[in-house]
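Let me begin by presenting the structure, written as structure tokens, before commenting on it.
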Amino acid sequence: MDKLTKSQKDEYATSYAILALYDGGAEVTSEQVAALLEATGNTEVEAFYPIIFANYLNDPETLGKLIATPGAGSGGSGGGGGGSGGGGAGGDAEEEKEEEPEEEEADMGGGMDMFGGGDGDGGDY
């Protein structure tokens with residue numbers, strides 16, 4: 001935690017407060033988040049974090065989906081995650097049958113570069 005910036009610590013504290021409210025069945029509002037942060041000693045969290053996070057995560061269904069979907073909150077293209085937990089032999093047979101079709105590259109006809117110029121016409125440069 002020592003290597004995190006203040007804003008990262010604020011985001012974590014706010015996220016954990018929202019998760020605690022959700023887990024306890026309480027309504028997720030900026031006031032509730034701020035009160036929980038205060039009660040847990042996180043008094044230096046910037047005031048806008050509870051407002052922003054609660055506005056996005058105030059619907060229990062949205063929050064539940066976010067928790068249940070691996071990588072849903074990430075900005076990148078997170079990994080594929082682990083495999084199925086208890087598939088057994090039946091799952092392996094199905095995986096072998098399903099083959100993804102290979103993607104074909106589109107023929108761009110050649111003679112065109114990334115900026116729309118033709119081969120050897122010199123372009124603008």
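Quick note: numbers below take in every heavy atom, side chains included, and nothing from hydrogens, waters or symmetry partners.
Evaluation of the salt bridge (Lys or Arg N to Asp or Glu O under 4.0 Å) rule for Glu44 yields no partner, not counting sequence neighbours. A search for side chain to side chain contact (heavy atoms under 4.5 Å, CB included) contacts involving Thr40 returns Leu36, Asn42, not counting sequence neighbours. Residues that satisfy the side chain to side chain contact (heavy atoms under 4.5 Å, CB included) test with Asp59, not counting sequence neighbours, are Glu61, Thr62. Among residues two or more places apart in sequence or in another chain, the side chain to side chain contact (heavy atoms under 4.5 Å, CB included) test is passed with Thr43 by Glu38. In terms of the side chain to side chain donor-acceptor pair (under 3.5 Å) criterion, Glu46 has no residue partners (sequence neighbours excluded).
Contact record, Thr5 with Gln8: N-OE1, 2.9 Å, taken as the closest heavy-atom pair. Of all heavy-atom pairs spanning Ser30 and Ala54, the tightest one is N-CB, 3.4 Å.
Between the CD1 atom in Ile52 and the CG atom in Asn55 there is a gap of 8.0 Å [rounded to 0.5 Å].
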Could you go through residues 12-28 and list every donor-acceptor pair under 3.5 Å that involves a side-chain atom there, pairing it with any protein atom two or more places apart or in another chain?
from	atom 1	to	atom 2	distance (Å)
Thr14	OG1	Asp10	O	2.8
Ser15	OG	Glu11	O	2.8

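The environment of Tyr56 atom OH is sparse: at most 12 non-hydrogen atoms of other residues, nucleotides or ligands sit within 6.0 angstrom.
In terms of hydrophobic clustering, with Ile, Leu, Val, Met, Phe, Trp and Tyr side chains grouped at heavy-atom distances under 4.5 Å, Phe53 and Leu63 are assigned to a common cluster.
The closest donor-acceptor contact from the side chain of Gln32 to the backbone of Thr29 lies at 3.5 Å or more, if one exists at all.
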